[in-house]
Amino acid sequence: MNIFADIRTTIIETLNAMVAEGALPGDLSWGNVAVEPPRDPAHGDMATNAAMVLAKPAGKPPRVIAEALAERLAADPAIASAEVAGPGFLNLRLDPRIWHDVVAEVIDAGRTYGHSGMGAGVRVNVEYVSANPTGPLHVGHTRGAVFGDALASLLAFAGYEVTREYYINDGGAQVDVLARSAFERYREANGLSPEIAEGLYPGDYLIPIGEALKEKYGRDLLDKPEAEWLTQVRDFATEAMMGLIREDLALLGVKMDHFFSEKSLYDTGLIEDAIKELDKKDLIYRGTLEPPKGKVPEDWEPREQTLFRSTAHGDDVDRPIKKSDGAWTYFAPDIAYHWDKVKRGFDELIDIFGADHGGYVKRMNAAVSALSDGRVPLDIKLTQLVKLYKNGEPFKMSKRAGTFVTLRDVVDQVGPDVTRFVMLTRKNDAPLDFDFDKSVEQSKDNPVFYVQYAHARIRSVMRKAEEMHLDWSDNASLEDEAEIAVAKKLAEWPRLVEIAARNHEPHRVAFYLYDLASEFHALWNKGNEKPELRFLHEGDPRATAAKIALPRAVAVVISNGLGILGVTPVEEMR
RNA sequence: GGCCUCGUAGCUCAGAGGAUAGAGCAACCGCCUCCUAAGCGGUAGGUCAUAGGUUCGACUCCUAUCGGGGCCGCCA
């Protein structure tokens, strides 16, 4: 039940009736007709802009249309009143019964309240994290992981068929570097001193890998030339790193449906296939790029390369897909990977990139557009930097000094729930300040606890109600405006889910939960002044059952919302 | 130089083209013999960076400018 959608349907039906009667011309489109909560509650329960958007195409003044619409809508039993206001808004007041229906519906639907049909039959692939398998995940990856995971859950909640996917960059030069770094640790394990040359990965996390290599190979590899051990060590180290990464993801509660190996693309010839596919569309050619404008790299010299005509699909310049030595560029397997996604039949693709990969958005969009002939939309969401603080002071990180903060560091210190919630209380494309101390602070300064606290309060009350052995009722007693306000907020949930899903913006869920918790806390405190508004009424199971329905419904929605964010709703906070 | 992104209260941030732009923090004033005060109510705080444009209507869309951040052939 989405009362905004329901009322919109009523309005559309009424408009169609007006067309049938000749009160409106027949060639109108209802696409821009919106029904939304009014900013000012004094304006009623919901408002529609129908008269204003139809005024011009219908050739009638907005207020004339609004009056006619109002008259008809007022006849609907669900609508208590319809008033024309301002430039042509139609403010609707609903039959108060509707709020009782909402509460009953929430309790009845439980975990499914807010589920939407908007994604029915739509297969969407969400690719996120996709960190190089060369070390543990760090803070930046954490944000992408949380964001992608919440977005995937949100889309699933909205009815989409979602696949969560991780692209393993195990085919490029960086895993060779990993192998060489691991080999030094292997030498170290065998009592030799490691030579961590410039460019190798210095991190301690490779020491156990060196030990494991010694365990497996003894001293056999020590005197062999690189060519003889590189592949084995690389595969071994890559697999170990992916094991590490899976553990990190598990710490955060992130589950992937599918890990896709870049290396597998080389083995299957999919890259050649993908490029052939582009070639068929006349999008591959040999050519020389213009030097970049402005600052020209010192060693720049014109070279003939194999290029993808990405400008034909909205990119700024064509992109090389082969290096001058004939090897594929990084972009080529990416094209193949996305082609594979298209071939697997996804209707929509979503990629989560770090902001530093923003320069790749246009070329990836061009590739998917070309490979799917524009049929499959690709939405690339960029997650901005996370700035770490400790008690208000910037927390310095240095890769060189080895003091970069890992996902594990963060989760160990503040826990997965806080990590997730904090990272979702900001739009993905806005930089995020993350303060280790403030994020675990148990105060209203901290939205996580504010929302959790609302849930805990409700559960506490419900436990006490259990002891009264009452007949749980779905029929809520809603008299006070504070109660109605909470019920109205609950009614907005299905609409919020659709908006958040459509925009690929899970942070809206976090902000909604904060608002809902706020309405709830206000109602709770009103019980101090007006004891009749309390949820528990000692010796009166009937009154208790009626009053407790509303908070029960709130707990359901908070639980559902936190579920999307991947945060555990707590039973108790003491 | 080009592209992307951001610019909203002192601070941190919300805001599907809709009405008088909203929260939290900080400041000030109140509320616990009462279901969890980790809470609530109130006061104060604004040229939505700037200038144009699109239209019934712009914080929102377009153009230009200013400012912060990111990226910019054969690295990933």
Side-chain angles (χ1 to χ4, degrees), chain A residues 32 34 36 38-40 43 47 49 52-53 55-56 61-62 85-89 91 132 134 169 171-175 177 262 288-297 299-303 305 307 315-320 322-327 329-331 334 354-362 382 384-385 425-427 429-431 433 438 441-447 449-450 452-454 456-458 460-461 464-465 495 498-499 502-503 507-508 510-511 514-515 517-518 520-529 531 533-538 544 547-548 551 572-574:
Chain A
N32 290 328
E36 47 194 15
R39 180 169 288 150
D40 185 345
H43 291 151
N49 62 355
M52 288 183 290
V53 295
K56 196 169 189 184
F89 282 103
N91 291 331
N132 289 342
T134 54
N169 288 107
Q174 75 284 353
V175 283
V177 175
E262 176 193 357
T288 308
L289 290 172
E290 295 288 310
K293 299 267 193 284
K295 200 174 65 183
V296 179
D299 59 346
W300 195 91
E301 53 183 89
R303 287 228 172 93
Q305 296 169 296
L307 298 169
D315 201 358
D316 303 315
V317 287
D318 293 338
R319 305 292 177 177
K322 269 190 183 175
K323 303 179 198 172
S324 48
D325 66 0
T329 61
Y330 168 81
F331 186 37
D334 252 2
D356 54 340
H357 288 61
Y360 288 83
V361 170
K362 282 193 176 188
L382 302 178
Q384 263 292 352
L385 292 175
T425 47
R426 199 107 318 165
K427 270 188 305 196
D429 52 6
D433 293 339
K438 284 186 181 162
E441 203 169 90
Q442 302 189 340
S443 74
K444 59 186 166 184
D445 201 359
N446 188 344
F449 284 91
Y450 188 81
Q452 292 280 31
Y453 186 41
R457 274 181 153 177
I458 295 168
S460 166
V461 164
K464 292 196 168 153
R495 176 175 182 271
E498 293 196 348
I499 292 172
R502 179 166 303 124
N503 292 295
H507 74 275
R508 289 172 185 267
F511 282 95
Y514 187 88
D515 287 347
S518 175
F520 171 76
H521 287 310
L523 172 61
W524 176 287
N525 265 78
K526 216 166 172 183
N528 290 337
E529 306 155 29
L533 290 182
R534 293 181 199 169
F535 309 128
L536 297 175
H537 298 269
E538 207 165 336
T544 302
K547 281 299 180 198
I548 212 168
E572 186 174 34
M573 295 173 80
R574 287 285 182 184

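Naming convention: chains lettered A, B, ... in sequence-line order (proteins, then strands); numbering from 1 in each chain.
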Asker: Roughly how far apart, to the nearest Å, are B:rU60 and B:rA19 at atom C1'?
Answerer: 15 Å
Asker: Could you list, one pair per line, each protein nitrogen or oxygen that sits under 3.5 Å from a nitrogen or oxygen of nucleotides 32-34 of chain B, together with the distance?
Answerer:
residue, atom, partner, partner atom, Å
B:rC34, O2', A:Arg534, NH1, 2.6
B:rC34, O2', A:Arg534, NH2, 3.4
B:rC34, O2, A:Asn528, OD1, 3.3
B:rC34, O2, A:Arg534, NH2, 3.0

Asker: In dot-bracket, 5' to 3', how would RNA chain B read with Watson-Crick or G-U wobble pairs under 3.5 Å, [ ] for crossing ones and | for pairs to another strand?
Answerer: (((((((..((((....[...)))).(((((.......))))).....(((((..]....))))))))))))....
Asker: If you measure from the C1' atom in B:rG22 to the same atom in B:rG68, how many Å do you get, rounded?
Answerer: 24 Å
Asker: Check this one for me: any side-chain N or O of A:Lys438 less than 4.0 Å away from OP1 or OP2 of B:rU12?
Answerer: no
Asker: Is A:Phe89 stacked on the base of B:rA19, with ring centres under 5.5 Å apart and planes under 30° apart?
Answerer: yes
Asker: Any side-chain N or O of A:Arg457 less than 4.0 Å from the OP1 or OP2 oxygen of B:rA38?
Answerer: no
Asker: Just the table, please: protein N/O against nucleotides 54-61 of chain B N/O, every pair under 3.5 Å.
Answerer:
residue, atom, partner, partner atom, Å
B:rC56, OP1, A:Lys56, NZ, 3.1
B:rC56, OP2, A:Lys56, NZ, 3.1

Asker: Need the glycosidic conformation of B:rC32: syn if within 90° of 0, anti if not. Which one?
Answerer: syn
Asker: Does B:rU36 have OP1 or OP2 under 4.0 Å away from a side-chain N or O of A:Tyr450?
Answerer: no
Asker: Using atom C1' of each nucleotide, how far apart are B:rG17 and B:rG53 to the nearest Å?
Answerer: 16 Å
Asker: Have a look at A:Lys362 and say if it touches a base, only the backbone sugar-phosphate, or nothing, with a 4.0 Å heavy-atom cut-off.
Answerer: sugar-phosphate
Asker: Residues two or more places apart in sequence or in another chain: which of them pass side-chain hydrogen bond (donor to acceptor under 3.5 Å, both in side chains) with A:Lys427?
Answerer: none
Asker: Write out a two-atom table: protein N or O, nucleotide N or O from nucleotides 5-9 of chain B, distance below 3.5 Å.
Answerer:
residue, atom, partner, partner atom, Å
B:rC6, OP1, A:Asp429, OD2, 3.4

Asker: Give A:Ala34 one of three labels, base, sugar-phosphate or nothing, depending on what nucleic acid heavy atoms sit under 4.0 Å from its own.
Answerer: nothing
Asker: Give a yes/no on whether any side-chain N or O of A:Arg426 is located under 4.0 angstrom from OP1 or OP2 of B:rC13.
Answerer: yes
Asker: Find every protein N or O atom lying less than 3.5 Å from an N or O atom of nucleotides 62-67 of chain B, and list the pairs.
Answerer:
none

Asker: Given the P atoms of B:rG15 and B:rC59, what is the spacing between them in whole Å?
Answerer: 16 Å
